[in-house]
**Student:** 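Got a structure here, written out as C-alpha cells. Questions coming.
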Amino acid sequence: MLLYNAVALLAATLAVRSQTLYLAGDSTMAPSSGVIQGWGTAVGRYLSITTVNKGVGGESARSYTNNGRFNEIINVVKPGDFVVFEFGHNDVSAGSGNPDNGKQDAVGDGYDITATVTAANGTQILIHSFAYYIENAINAVAAKGGISIISSLTPHNSFVNGNIGFDGGRFQTYAKSIGTRKNIVYVDHYSYTAQAFNALGQTKVATFFPDDALHFNAAGADVVAQAFIKGLLCSTSTLKIKVNSAGPNVPNGCL
Ligand SMILES: *[C@@H]1O[C@H](CO)[C@@H](O)[C@H](O)[C@H]1NC(C)=O
C-alpha cells in the first residue's frame with residue numbers, strides 16, 4: 001500500500017510537471033513579427049507552466065479550424081493541460097458585396113447558427129458561427145482531458161474622451177456566452193486590457209501601437225499579458241496556481 005501510494009504520488013507529480021498551456025488565437029497573441037508582438041509571448045513571464053504560443057496572424061475561429069490548427073493542439077493535449085481560446089479580430093464580416101474570405105463566421109450568438117456565403121469562385125459555402133468553431137474545439141480538448149479557458153479579444157487603441165469603454169462588441173459577447181454554455185472559465189481580456197490602458201493613459205498607450213490601432217509592440221504586449229493575468233487571478237480558474245511570483249504584482253483590480 002505504501003509502495004502503491006509512493007508510485008501514485010510519483011506518477012501524479014510527473015503528470016503535474018508535464019502540464020502545458022496552449023494559446024490559440026490571432027496576431028494579437030502570436031509570436032513577434034517585426035516590431036509587433038503578441039501578448040502570448042509576454043504572458044509566460046507571469047506563469048510557471050510551459051506555455052506554447054499557437055497564435056497565428058490573420059486567423060479567425062473558422063480559419064483556425066479549417067487550417068487544422070485546432071487539431072494541432074488537440075492532437076497533443078494531455079490530461080490537465082490548459083488551452084486558452086481568444087479570437088474575434090478576423091472573424092468580422094467580409095462585407096456585403098464581397099466574396100467570402102475564408103475567415104468570417106455566421107453572425108449571431110449561438111452554436112447552431114449558419115449562413116450561406118459565396119466564395120470568390122462563385123461556389124456557395126455553408127459557414128457556422130464563432131461559437132460553433134470554438135465550442136467544437138473545446139469539446140475535443142475536454143475529450144482529451146484538457147481544460148479550456150475562453151478569453152475575449154483585445155481592444156483597439158480606441159480612446160474616446162480619454163477612456164476606452166468595456167464594451168468589446170459582439171465577439172466579446174460571444175466569448176462570454178461560450179464560457180456560460182460550456183461551463184468553463186471566461187476571462188474578459190477586453191475589459192481587463194481596457195482597464196490597464198485607461199490607467200496608463202492615452203499618451204502612453206499610443207506608444208504601444210506603432211503601426212495601426214490593433215497591433216501592439218513588446219511594451220504593449222507586456223501590459224496586455226498582465227491584463228490577462230489579472231483577469232485570470234480574478235477568476236476561478238485552476239490555472240491560477242501556475243501564476244508565478246511576478247503575477248500578483250500586476251496592476252489594477254478585479255472587475
Ligand atoms: C471554390 O472555392 C471554394 C472555397 O475556397 C472551394 O472549397 C471549392 O473547392 C472551389 N470550387 C471550385 C470548383 O474550384
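Order of listing sets the numbers, starting from 1, for every ligand and every atom in it. Everything quoted here is computed from the prediction, not taken from an experiment. For the numbers below, each heavy atom of this structure counts, side chains included, while hydrogens, waters and symmetry mates do not.
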**Student:** Counting C-beta onward and ignoring hydrogens, is there a side-chain heavy-atom pair between Phe85 and Val141 closer than 4.5 Å?
**Tutor:**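 The answer is yes, as the side chains (C-beta and beyond) meet within the 4.5 Å cut-off.
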
**Student:** Exactly which residues line ligand 1, taking a heavy atom under 4.0 Å from it as the test?
**Tutor:** Ala119, Asn121, Thr123, Ile125

**Student:** With a 4.0 Å cut-off, would you call Arg62 and Asp91 a salt bridge?
**Tutor:**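 Looking at Arg62 and Asp91, the cut-off is not met.
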
**Student:** Measuring from atom CG of Leu21 to atom CD1 of Ile147, what distance do you get when rounded to the nearest 0.5 angstrom?
**Tutor:** 10.5 Å

**Student:** Going by heavy atoms in the side chains, are Phe216 and Ile36 under 4.5 Å from each other?
**Tutor:** no

**Student:** What are the two closest non-hydrogen atoms of Lys230 and Pro251, and how far apart are they?
**Tutor:**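 Closest heavy-atom pair between Lys230 and Pro251: CE-O, 3.5 Å.
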
**Student:** Looking at every heavy atom in both Cys234 and Tyr192, which two are closest together, and how far apart are they?
**Tutor:** CB-OH, 3.4 Å

